[in-house]
Amino acid sequence: RLEEEIKRRRTFGIISHPDAGKTTLTEKLLLFGGAIQEAGAVKSNKIKKGATSDFMEIERQRGISVATSVLAFNYQNKKINILDTPGHKDFAEDTFRTLTAVDSVIVVIDVAKGVEE
């Protein structure tokens, strides 16, 4: 039974530089995966709902992720775990620890800025 549960789980870490769109991508994955009914936004005048993964008050105030958020949903008989990591270098240690727990990584690159240092 344990082996079956392990086989059906997929854990993805989402990484990038700050403001590249990690949390926005996470919101869309949750929406299309059926976990939420409406996608939130980090900062938007049009969208009033905050991002699901930015649940700490400091994250909502600053508009950045300060800790990895773990969100999960079922999709096509698989348990999908999404780990939305902080992008800011001050919180890089949290991101490094997160990478040890994932099956795959999704790297988000801002098309306008490209790969940053």
Side-chain angles (χ1 to χ4, degrees):
R1 180 82 180 121
L2 178 61
E3 282 187 29
E4 291 173 17
E5 279 300 309
I6 292 171
K7 286 181 182 178
R8 72 179 216 91
R9 292 178 187 270
R10 301 292 184 270
T11 303
F12 298 92
I14 302 178
I15 65 171
S16 77
H17 293 288
D19 299 324
K22 290 179 303 299
T23 301
T24 301
L25 176 60
T26 299
E27 288 291 305
K28 294 300 183 186
L29 290 170
L30 292 171
L31 178 66
F32 296 136
I36 58 175
Q37 300 301 310
E38 177 186 10
V42 177
K43 295 178 190 174
S44 174
N45 293 331
K46 294 179 183 175
I47 301 171
K48 299 300 179 198
K49 181 184 181 296
T52 305
S53 61
D54 287 343
F55 59 90
M56 295 169 57
E57 187 60 33
I58 191 168
E59 292 177 316
R60 292 186 185 274
Q61 289 173 353
R62 294 177 64 185
I64 62 169
S65 299
V66 299
T68 297
S69 298
V70 181
L71 304 128
F73 58 93
N74 290 306
Y75 184 75
Q76 295 185 356
N77 201 33
K78 300 286 185 212
K79 174 76 169 194
I80 307 297
N81 298 303
I82 304 292
L83 283 66
D84 182 13
T85 65
H88 197 275
K89 64 182 177 183
D90 290 348
F91 310 108
E93 187 62 37
D94 189 63
T95 299
F96 297 147
R97 279 193 305 271
T98 299
L99 294 177
T100 65
V102 300
D103 299 314
S104 301
V105 174
I106 300 169
V107 179
V108 180
I109 300 173
D110 184 323
V111 175
K113 296 178 185 174
V115 176
E116 301 174 54
E117 285 187 38

So, taking the atom named OG1 in Thr26 and the one named CG in Leu31, what distance separates them when rounded to the nearest 0.5 Å?
12.5 Å
Looking only at heavy atoms, which two atoms of Gly87 and Lys22 are closest? And how far apart?
CA-NZ, 3.5 Å
Once rounded to the nearest 0.5 Å, what's the spacing between atom CG of Asp84 and atom CD1 of Ile106?
10.5 Å
Show, in sequence, the C-alpha distance, side-chain angles and deciding distance for Arg97 and Asp94, and conclude whether the side-chain contact (heavy atoms from CB on, under 4.5 Å) test is met.
CA-CA 5 Å; Arg97 279 193 305 271; Asp94 189 63; 3.4 Å; yes
Results of side-chain contact (heavy atoms from CB on, under 4.5 Å) for Val105 - residues two or more places apart only:
Ile15, Leu99, Val102, Val107
Under a 3.5 Å distance rule, please check whether Thr95 uses its side chain to pair with a backbone N or O of Pro86 as donor and acceptor.
yes
For Lys113, does the NZ atom have more than 12 heavy-atom neighbours from other residues, nucleotides or ligands under 6.0 Å away?
yes
By side-chain contact (heavy atoms from CB on, under 4.5 Å) - contacts of Ala72 (at least two apart):
Lys79, Asn81
How close do Lys7 and Lys78 get, counting heavy atoms only, and between which atoms?
O-NZ, 4.1 Å
Does Thr98 have any side-chain hydrogen bond (donor to acceptor under 3.5 Å, both in side chains) partners at least two apart in sequence or in another chain, and if so, which?
Thr68
Taking only residues two or more places apart in sequence or in another chain, which ones pass side-chain contact (heavy atoms from CB on, under 4.5 Å) with Phe32?
Lys28
Distance from Phe12 atom CZ to Asp103 atom CG, nearest 0.5 Å?
7.0 Å
Residue list, side-chain contact (heavy atoms from CB on, under 4.5 Å) with Gln76, at least two apart or on another chain:
none
What's in the same ILVMFWY side-chain cluster as Leu2, cut-off under 4.5 Å, chained through other members?
Ile6
For a side-chain contact (heavy atoms from CB on, under 4.5 Å) check, start with the C-alpha distance between Thr85 and Phe91, then their side-chain angles and the critical distance, and finish with the verdict.
CA-CA 9 Å; Thr85 65; Phe91 310 108; over 6 Å; no
When rounded to the nearest 0.5 Å, the distance separating CG of Leu29 from CD1 of Ile80 is 9.0 Å
Asp110: what forms a salt bridge (Lys or Arg N to Asp or Glu O under 4.0 Å) with it, not counting sequence neighbours?
none
Same cluster for Tyr75 and Leu25 if Ile/Leu/Val/Met/Phe/Trp/Tyr side chains link at under 4.5 Å?
yes
Output all residues satisfying salt bridge (Lys or Arg N to Asp or Glu O under 4.0 Å) with Glu5, sequence neighbours left out; order by chain, then residue number.
Arg1, Arg8, Arg9
